[in-house]
Number of protein chains: 2
Amino acid sequence: MARPRKDQALDIRARAITETIRLLSETDARDLTLARVAAAVGCRPPALYGHFRDKNDLLRAVHDAGFAWLYVEKLDVCADTQGDALARLREGGRAYVRFALENPALYRLMFDPPPDSGLDVGPFDSDSDAALKSLGFLRAGIVAAQREGCLPGADPDDIAFTLWSAVHGAVSLLLQGRAPATETDPVVAAEAVVDQVMAFIAATRATTPGGSDA
Amino acid sequence: MARPRKDQALDIRARAITETIRLLSETDARDLTLARVAAAVGCRPPALYGHFRDKNDLLRAVHDAGFAWLYVEKLDVCADTQGDALARLREGGRAYVRFALENPALYRLMFDPPPDSGLDVGPFDSDSDAALKSLGFLRAGIVAAQREGCLPGADPDDIAFTLWSAVHGAVSLLLQGRAPATETDPVVAAEAVVDQVMAFIAATRATTPGGSDA
DNA sequence: TCATTAAATTAACGGCATTCGGTTTCCTGG
DNA sequence: CCAGGAAACCGAATGCCGTTAATTTAATGA
């Protein structure tokens, strides 16, 4: 029972990633042991080292898989709401909120990884470019909104970062239980922030409908 | 050399907290070992257990000390800018940004603590009330801004959470190096978000001076 | 002065990430 | 069909870290 036979072979790499994502619904990344991952996969801890350099390498793979997942979720939203630019922005924000609150530990791993994992290094460069693509969606939505008269003269990149900051900050605070206690449902509270920001953007629209200038 | 003599006694509890804060400028909370803290304090690791129940208890104390510090920083700002409500909000935001970016690991410990530390439990209840007080500042600033005609008809608590989310999100993303690469200086990028949100708020002011409706 | 308590210390335990050496299975060339 | 090397895994071992136990020394109070 050293090397497994071909018929009972196991795609350890793929299984490790999916099982880790599943285990993240029960346990935070830092508290997840390789022993538990190995047990879920169906192997022993050292076997993982044949497919990942170390624990951080596994977490990085999960991190990347998370971004890929988030990207397809946003793609879905994009397909659903082709009409209004503001509506698309709003729905994109809601999808983001849903993803974060439904997968808290995975979201944490993606956006607040342990500083020694080599995941927090670069400004996007090191990410699977899914993060960049997601940001691209956001930027495109803002440019579209500007075409409809909102945010005259603003830099889309600045607005994108502000928007993203607000939504990320909201879910981040909510995941830590740090919301003003008025709201009981985190999803409602986070969506309230999305709506609030959308209202801010809508308020910058040139007051006379039809007017369109920079 | 078991029990130290009175003249060479050591306020281990206080020293542990300040030394931990200092060490957080080099190492993240989760990577900080009690051995290193003990060495900085001038004792052995088990000695810490006479003053803290366990490592998380030490981290909680540091967490609370961080909030107390943030609170006095905000007090300073409050004293400096007594005039304009929007200016006070902006300066408060800048002080927050400065604090976060100058003390990244401490900020992380305060606002994104490891989920098993018992620090992420309650909506503020369990915090040293410094967090509540900081939020109170924010809310007061918003109410003042409303008195000046901004944000007509909005719930100050909603606005406060949105504002806080935006600033927290911005520093949080910047600390992870996840800003759009256009900005090199994190402080500048974060302050841009603050300014952007302030602009949003200012834009909600009734356009005709004196007019006020929902 | 001497027992008791307080506050550290060194020693020990258990858990975890990671490494090492061995063993079984696959694959390739003769 | 059959070496023999490479590949893939396992059990055992290492070292660090949080935490607890046992031990030592200093202060205290009768």
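Note on naming: letters A, B, ... go to the chains in the order of the sequence lines (proteins, then strands), and numbering restarts at 1 for each one. All values derive from a computational prediction rather than experimental measurement.
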* Any pair with a residue in residues 160-173 of chain B that passes salt bridge (Lys or Arg N to Asp or Glu O under 4.0 Å), sequence neighbours left out, goes on the list, sorted by first then second residue, please. =>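 Salt bridge (Lys or Arg N to Asp or Glu O under 4.0 Å) check on residues 160-173 of chain B returns no pairs.
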From [options], pick the nucleotide closest to the side chain of [X]?
X     : options                : answer
A:I12 : C:dT18, D:dC9, C:dT9   : D:dC9
B:R3  : C:dT18, D:dA26, C:dT25 : D:dA26
B:K6  : C:dT23, D:dA27, C:dT9  : D:dA27
B:L34 : D:dT19, C:dT10, D:dG11 : D:dT19

* Out of curiosity, B:D185 CG to B:L101 CG, how far, rounded to the nearest 0.5 Å? ->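 Those atoms lie 8.5 Å apart.
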* Rounded distance [0.5 Å steps], CG in A:D84 versus CG in A:L89 ->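 Result: 9.0 Å between the selected atoms.
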* Members of residues 46-54 of chain B that approach DNA chain C, where some heavy atom sits under 4.0 Å away ->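 Here the set is B:P46, B:A47, B:H51.
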Output the rounded distance in Å from [atom1] ([X]) to [atom2] ([N]).
X     : N      : atom1 : atom2 : result
A:Q8  : D:dC10 : CD    : P     : 10 Å
A:R36 : C:dA17 : CZ    : P     : 11 Å
B:D7  : C:dA7  : CG    : P     : 16 Å
A:R44 : C:dA17 : CZ    : C1'   : 16 Å
B:K55 : C:dG15 : NZ    : C1'   : 14 Å
B:D57 : D:dT19 : CG    : P     : 10 Å

Donor-acceptor pair, distance only, cut-off 3.5 Å: does the side chain of [X] make one with the backbone of [Y]?
X      : Y      : answer
A:E73  : A:A95  : no
A:E191 : A:R94  : no
A:Q146 : A:L151 : yes

* Asked: Of B:P4 and B:P45, whose nearest nucleotide on DNA chain D comes first from the 5' end?
  ->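 Nearest nucleotide further toward 5': that of B:P45.
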* Asked: Going by heavy atoms closer than 4.0 Å, what residues in residues 22-33 of chain B are next to DNA chain D?
  ->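 Under 4.0 Å from DNA chain D: B:L32, B:T33.
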* To do: Applying side-chain hydrogen bond (donor to acceptor under 3.5 Å, both in side chains), name anything that partners A:E102, two or more places apart in sequence or on another chain.
  =>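 None.
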Table please: side-chain donor-acceptor pairs of residues 30-42 of chain B below 3.5 Å, with sequence neighbours left out.
from  : atom 1 : to     : atom 2 : distance (Å)
B:R30 : NH1    : B:D116 : OD1    : 3.4
B:R30 : NH2    : A:D31  : OD1    : 2.9
B:D31 : OD1    : A:R30  : NH2    : 2.8
B:T33 : OG1    : B:R36  : N      : 3.2
B:R36 : NH2    : B:T27  : OG1    : 2.5

* Asked: Within the pair B:R5 and D:dT25, is there a side-chain N or O less than 4.0 Å away from OP1 or OP2?
  ->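 It does not, given that no N or O in the side chain of B:R5 lies less than 4.0 Å from OP1 or OP2 of D:dT25.
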Which pairs would a plain distance check flag for residues 45-54 of chain A, meaning a side-chain donor or acceptor within less than 3.5 Å of a matching protein atom at least two apart in sequence or in another chain?
from  : atom 1 : to    : atom 2 : distance (Å)
A:D54 : OD1    : A:N56 : N      : 3.3
A:D54 : OD1    : A:D57 : N      : 3.0

